[in-house]
Amino acid sequence: MKKNESFKAIVQIILLIGMIFAFSYFIRESFEIREKNVIEQKKNSKSKIEIFMLFYEKLVKSIFSEKGLVSAQEEVIATCIETKDGKYCQEYNSSICNSICKDNCIPLEMDETEECKIGTCFDNFEGNCIISPKKRCEQKGGIWYNEPNGNVNVCEKRCCIIGEKTEFVTEKRCEILSKRKGIEMNFKREITNEIDCWLATKTQEEGACIIGKEDDYNVCKFGTRQECEQKRGEFYPNYLCSNPELKTKCERQKSSGCVKGKDEVYWFDSCGNRENIYDANKARSWNNGMVLSKEKSCSLGTANNPFMNRGTCGNCDYMLGSICGNKTNEQKLDDSMQNFVCRDLSCIDEWGNKREHGETWCHYQSLTGIDNKTMNAMDLPGSRHFVMSCVDGVVRIQPCQDYRAEVCREARIDIGMGKLFSQAGCSANRGSECVEINEKLKEKKADKTKIFEECIKNPDCYIKNVSISKKFAVAECAPKYPVGFNRDREDIESVEEKCGFATKKCKVAEVKTTSGWDCKVNCDCLKEEFIEKMNDMCISLGDCGGKANYLGDYVKNFKVSKQGNSKTKNLKKLLNYDAGKEITIIYANETKDNFIDINPYAQLYAEILLKNESLTEKFLKIISKIKGTSGSTTAILKRQVEAKQGPASLKIAGAIVGGPIGLILLGTGNANILDRFSRGLSEEEVNALTALVYAPWTAPYAIIAVIIMVYGIGIGDTNRVSITYECLPWQAKYGGENCWKCGSDGLPCGKYACESLGRECKYFDESETGIASCRWVNKNDVVPPKIKQLDGVLPEGYSYVDITDRGFTIKTNEEDGCIKSYYKFNFGIALDKLGQCSYIVSGEETEEIVAFDDMHALSGGLFKDNHKIEFFVPSPESFGATLSKPNEKIDFKIFIKCRNGNGYENPVNYVVSMCIKPGEDNSGPIVLGKIPEINFVKADTNLQEISIFVNEPAECKWDYENKDYESMKNVFDCADEDAIRFKSYLAYECNATINLIKNEENIYVRCIDQPWLKGVDEGKRNTMTNSYSFTLKKTNPLKITNIEPGNGSVLVSGVEPMSVKLSLKTTGGLNGNAKCSYKVGESFIRFMETGKNVHKQIFNAITRNDIFGSEEKRIVIKCEDEIGNVAEDVSLFSVRIDNEEPKITRVYNKNNVLYVITNEKAECVYSFEKCDFNYANGTLMQGNAFVHSENFAKKQTRYIMCKDEFENKPGQCAISVRGVNF
Amino acid sequence: MGKRGQIAIYVIIAVIIVVGFLVFLFMRERFVPVPSVEVDLKSGIEKCVRDSVNEATDIMLPQGGFIEPKNYKLFNKTKITYLCENAGNYKPCINQHPMLINEINNEILIYAEPKIENCINNLIFALKRKNYEIKSEKTNISISMTKGKIIVDVEKKIIASKGETKISFDKFLIEITNPAYDLINVAIEIVNNEAKYCSFEYTGYMMMYPEIDIRLYVTSDSVKLYSLKDISSGKKMNFAVRGCVIPVGF
């Protein structure tokens, strides 16, 4: 039993004290890895807290590195020293900085400025060290050190004994605190960490202090030796004042009570002196009038029953969950005369479970993490993560950052006897990185295996698979804890784009056989399961798709549409299916066993220590993605523009008939398909046929194929139907009847939670009342938004005409006012209040009677006041115009409805009209760009692979001279594949290897379109009239120069670990710009500051024996520029830690002058009083180098103490010198 | 009782009177009553100082240590000063008041000095009405803080005379029990950690140092509001921190 109790105590002390600044094993794991792999910390040089903090700092800096952020955002940052509203040293975008700043901003990042550089500020009046900007520190009278990590001698903390208390502080602070308390400084240099210092409080020697006599009795005060000395009393260590030997009047154990600053219930003597810990067995407690240690005192309980002896024992322990307090009916001592007891500090959590004092755990407003059955991410819109803690018997709630920008992670540790002890905390949600990883999947030649490896390496991402059939399988990297959608964000359109990752179209092929229509390819897409699975993927991306909010209210935020009609199935039910409803309502109910385990995150920390910079990059790219995503158009209409990549004449197969969505996924076909058809029709070939049909540029082949099928081979018709699942941003239901429920679960109402309860719920923060609230605003608004044209977006030559309340017409300044097809332009509608709009276009069935929910969402269904639309004009053929009537004009209409926040919509469609006439596609292909984009190549490169991206399927050639297409000698290999994404375009890739004969080569490229017409109708093919050209230049080799610390240099520091700033320059290569890394083990870790031609890395924990060697350090550096030039070098230097006080090597008297010689540069002081005098009170000797002198006429004993430049000095005098008169 | 008994009683009484007289003569110095003017003035000034300083801290501490915060977060109509702030995202907060104790000392002084001065003037005025002739010089007030206390040093030469009575003062040292210093030091510790590591593990800290209760509230716009409470006095200090903010929404 006793063993268990001790075990529990040890575990809890480890948890609560030794690692108070984080979760126990999380720190331990990472700490150990740090020790093994990075730098071996000198064990006694820093507190554990500080060591953890150094480690944590690494993470912070890696995640929050400003350099990367800036470069990622491509913004010019300026620093404002003081803003108009009183902020100091803030960075802003240079475009707005001056307007915010009191004076002109400095066009540099904060750390590059003299004024705002972050360093260590030493408060000489208080002895505190504070991390702060330089100017602010000096302005207020502090001493600033250019050391951002506090590795400054004067900031070294040790244990200061102040009375019966201890403080882990700097020497200066100890001196100040002692002085103010009126006691002599007792600075324990040997206690080098906070825990030992804290424990020293518990082990201070105590005893009786006789301070005088009264009526022949000694007057006694119980306390520490230091206190006794302060009272000039006589100290009797370990004696109680009631000890008869002391001959005091004090009678033992007269009362019991609590003592400020102590945990236990104590006996008190009749003089009011504290005695030993309360024990009902008085004799045992009194211990013959001697102090009885806590360990030897009675035991309050056992691990299983921690308060078993509460009635008889007062040995409470705050760390273990009890403290002396007033008795209650339930908690009291057996002796009814006593009014105090060990109070239980444990709590009961929301599940009714007991939680220990000091325990912290996570609470979520919905289930979190991944549903093992469906592999869905379970966090629901509005849900927030909280850290709950049990302190002093009360459960406290601390919210993590809202919108799940932070998640709560928890470690549950088995402390034996079947008990778990939790530690939890909020940390950054890295889920947004998953979106970035997804982006890579869309890049050319994406190595999916590698990308997915990267995905699962991120503890906050997972691979979300959706497999409907062999032919339709999608896998994406999705966040485990999706970040919430903030409807107030400025770049709200980006949300639409992010959800759009899960917008997919499934192409189904049905074939008519002798027994009727039979589905052959992707038949599962006609089942509700398809919608359910697609919705799973959609909701996993974030607040997208059909799911419930955190209180279980389901909202369907996706659209299902079809193109074509199925011959085998009625699709009505499919189109109206409420995917995600059942399952996500379950997610709204949190369970106690659902929590985010800290373990994978702890491993991540370890990885960061080794690969911090690569992480920075990744993270910051995402930031740039989030921040930099533009888009004022709806994703769908934007993609219509992308669809222009195919030749216009073939847009006929683009299904404008099926709505604009039909234009999204225009693909390409395969030139060899015709051969396959001639050999029969296997499933693959049906599939190929399907692909062909959806690849409009191959339509002529398709037509031929169909002819072959029908007339040649004799097999029946095929029917194609596409089912499109459109993933939309999740938005709360209309109105606000549930707004009041925000906070009703006992947790603070947050903005995100409030907004998830209703479209019209408005969040009111704590500024006025201290309690946030959520209210239904515009409750009585039944008026739909008033729609009108959006001015200022039409291109020149276009105008809105015939403007009425019911719509407008867009006309060009051409004679007929019609707009040419294949042209893109912007127009828009403006609302008088925020509204959600939907539309359908001419050609769609029964357009006048389509319900709002069955229309296509405009702006991704987002509530906005201005809906700007980037519109790609469809061809008239799309509406039934035939190619035989090339000049036919079509009246094209877009029917729009908008709803207000309460769900009220315009009863009559708002109509945007335009006249469309055929456009011409007589332009040649356009080369959109190339990869590598940079024109420089490595110094030793002779062959350079180049990929070009063309806006339509084409054949391309290149040459060293500018020639026409036919004359060019070298051919690009253009893939017969679907269009791929290149930047924001759909493009077609062509590859070539270019032989670099000279150091600089001009390359010219020309392409010809419509490759399917090769040898068929060459006259219709369009060739580029101007070449796309670029110049490839070989660079000079990359070189590393100016390495600091330079080879052979010696760095001396008075503290260990010390900070070392490694810096170097790069020249050659790509303008000298490169990314540099240093080697640790077998890994290279990116410098904190790199990417340009100056590279810096601060090592803040260099010791005499670390991963870089013992006192001789060898740091291998590798730099690589963007085009692959590599340079390697080594920084060789040695470190000397001078943490030893100067030694006096010689003392002599010459002509009544005392000379003291030290072994290093130092300053010396002396005192006549005593050996352990305070250095600050000593008299300074002359000389601050090796020789120190003082008049020695007076032969009195001098106590001499010396300190070096690093403030190293002995705890007491180094030597005492007394002169003798001969 | 016989005659002898009576005589004995008289003798005893006489001895008591004589002894009492001698004691009076001997201890006369000690029994001279302190002129009430001195008591009035001392206790008056002490009260002035105590009230002004406590008033200052009662206003300042809930506002982060400043009488009129310039850069603050409004919470429950209270202007809570940002002690550490980074207006941007992702990066750690920047300590806005690195020499906080010094600044707060000055704030207390700025607030309390005119009040103390005014109060002393009122006391002097009251004495003058009691026909005291008062000579006084300029007031010099300095404030320092230490654990559990604020120490106010009032240097002011006052000479009050009335007839033969003449009393002079030149220095008043007043110690006020106030947890401001302890609260501010915890705030400094928190801010230092926030500036360096983006967080402060207050639950663990409270386990080690239970004298100060620490509460953290995170608003929906990612501002951290710390509330520190001195357990024994119940006095509170609030301050705001903004740093390492991840922009909300995806």
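Each chain gets a letter, A, B and so on, in the order its sequence line appears, and its residues count up from 1. Quick caveat: nothing in here was measured; it's all calculated off a predicted structure.
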A.B. asks: Measuring heavy-atom distances to chain B, does A:Cys116 have an atom under 4.5 Å in its side chain, in its backbone, in both, or in neither?
C.D. replies: neither

A.B. asks: Working to the nearest 0.5 angstrom, can you tell me the gap between A:Ser389 OG and B:Arg215 CZ?
C.D. replies: 8.5 Å

A.B. asks: If we ignore hydrogens and angles and just use 3.5 Å, is the side chain of B:Asn192 paired with the main-chain N or O of A:Ile131 as donor and acceptor?
C.D. replies: yes

A.B. asks: Name the region of A:Glu755, side chain, backbone, both or neither, that has any atom closer than 4.5 Å to a heavy atom of chain B.
C.D. replies: neither

A.B. asks: At a 4.5 Å cut-off on heavy atoms, which part of A:Lys181 comes close to chain B: side chain, backbone, both, or neither?
C.D. replies: neither

A.B. asks: Considering only heavy atoms, which portion of A:Ile162 lies under 4.5 Å from any heavy atom of chain B: side chain, backbone, both, or neither?
C.D. replies: neither

A.B. asks: Could you note down all residue pairs passing salt bridge (Lys or Arg N to Asp or Glu O under 4.0 Å) where residues 61-71 of chain B supplies at least one of them, sequence neighbours left out?
C.D. replies: A:Glu82-B:Lys70

A.B. asks: Show your reasoning for whether side chain to side chain contact (heavy atoms under 4.5 Å, CB included) applies to A:His357 and B:Thr203.
C.D. replies: CA-CA 10 Å; A:His357 168 62; B:Thr203 309; over 6 Å; no

A.B. asks: Under the side chain to side chain contact (heavy atoms under 4.5 Å, CB included) criterion, do A:Arg180 and B:Tyr181 qualify, and how do the steps go?
C.D. replies: CA-CA 12 Å; A:Arg180 288 180 188 161; B:Tyr181 186 77; 3.0 Å; yes

A.B. asks: For A:Ile771, does the CD1 atom sit with more than 12 other heavy atoms under 6.0 Å from it, leaving out its own atoms?
C.D. replies: no

A.B. asks: Pick whichever of A:Arg404, A:Arg396, A:Gln398, A:Glu126 has the most heavy-atom pairs under 4.5 Å with chain B.
C.D. replies: A:Arg396

A.B. asks: Side chain, backbone, both or neither: which part of B:Leu216 has a heavy atom under 4.5 Å from chain A?
C.D. replies: both

A.B. asks: Measuring only between side-chain heavy atoms, which start at C-beta, is B:Ser220 closer than 4.5 Å to A:Tyr763?
C.D. replies: yes

A.B. asks: If you draw a 6.0 Å radius around OH in B:Tyr72, do more than 12 non-hydrogen atoms from other residues or ligands fall strictly inside?
C.D. replies: no

A.B. asks: Is it the backbone or the side chain of B:Tyr82 that comes under 4.5 Å from a heavy atom of chain A, or both, or neither?
C.D. replies: neither

A.B. asks: Look at atom NZ of A:Lys84 and say whether more than 12 heavy atoms of other residues, nucleotides or ligands are closer to it than 6.0 Å.
C.D. replies: yes

A.B. asks: So for A:Arg136, is it side chain, backbone, both, or neither that comes closer than 4.5 Å to the heavy atoms of chain B?
C.D. replies: both

A.B. asks: What's the separation between atom OH in B:Tyr209 and atom NZ in A:Lys165, rounded to the nearest 0.5 Å?
C.D. replies: 10.5 Å

A.B. asks: Distance from B:Ile246 atom CD1 to A:Cys400 atom SG, nearest 0.5 Å?
C.D. replies: 10.0 Å

A.B. asks: Could you look at A:Arg384 and say if it's the side chain, the backbone, both or neither that has a heavy atom under 4.5 Å from chain B?
C.D. replies: side chain

A.B. asks: For B:Ile184, is it the side chain, the backbone, both, or neither that has a heavy atom closer than 4.5 Å to a heavy atom of chain A?
C.D. replies: neither

A.B. asks: Which bit of A:Leu177 is near chain B, if near means a heavy-atom gap under 4.5 Å: side chain, backbone, both or neither?
C.D. replies: side chain

A.B. asks: Show, in sequence, the C-alpha distance, side-chain angles and deciding distance for A:Glu766 and B:Lys77, and conclude whether the salt bridge (charged side-chain N to carboxylate O under 4.0 Å, His left out) test is met.
C.D. replies: CA-CA 8 Å; A:Glu766 305 86 348; B:Lys77 291 181 182 161; over 6 Å; no

A.B. asks: At a 4.5 Å cut-off on heavy atoms, which part of A:Tyr88 comes close to chain B: side chain, backbone, both, or neither?
C.D. replies: both

A.B. asks: Taking every heavy-atom pair that is under 4.5 Å apart, which of B:Asn185, B:Ile80, B:Thr78 has the most such pairs with chain A?
C.D. replies: B:Asn185

A.B. asks: What part of B:Tyr202 gets closer than 4.5 Å to chain A, counting heavy atoms only: side chain, backbone, both or neither?
C.D. replies: side chain

A.B. asks: Tell me, for A:Cys89 versus chain B, whether the close heavy atoms (under 4.5 Å) come from the side chain, the backbone, both or neither.
C.D. replies: both

A.B. asks: In Å, rounded to the nearest 0.5 Å, how long is the span from CD of B:Glu85 to OG1 of A:Thr83?
C.D. replies: 8.0 Å

A.B. asks: Which distance, rounded to the nearest 0.5 Å, do you find between the CG of B:Asp221 and the NZ of A:Lys751?
C.D. replies: 9.0 Å

A.B. asks: Among all residues two or more places apart in sequence or in another chain, which pass the side chain to side chain donor-acceptor pair (under 3.5 Å) test with B:Lys229?
C.D. replies: none

A.B. asks: Can you check side chain to side chain contact (heavy atoms under 4.5 Å, CB included) on A:Ser767 and B:Phe75, steps first, answer last?
C.D. replies: CA-CA 4 Å; A:Ser767 55; B:Phe75 185 89; over 6 Å; no

A.B. asks: Between CG of B:Asp213 and CG of A:Asp392, what distance do you get to the nearest 0.5 Å?
C.D. replies: 7.0 Å

A.B. asks: In terms of heavy-atom proximity below 4.5 Å to chain B, should A:Asp123 be classed as side chain, backbone, both, or neither?
C.D. replies: both

A.B. asks: Report the option among B:Lys73, B:Met206, B:Glu211 that has the most heavy-atom pairs separated by less than 4.5 Å from atoms of chain A.
C.D. replies: B:Met206

A.B. asks: Heavy atoms only, distances under 4.5 angstrom: which of A:Arg487, A:Glu406, A:Glu167 has the most pairs with chain B? Name it, please.
C.D. replies: A:Glu167

A.B. asks: By number, which residues in residues 95-107 of chain B have some heavy atom less than 4.5 Å away from chain A?
C.D. replies: B:Asn95, B:Gln96, B:His97, B:Pro98, B:Met99, B:Ile101, B:Asn102, B:Glu103

A.B. asks: Using a heavy-atom distance cut-off of less than 4.5 Å, which residues of residues 144-156 of chain B contact chain A?
C.D. replies: B:Met145, B:Thr146, B:Lys147

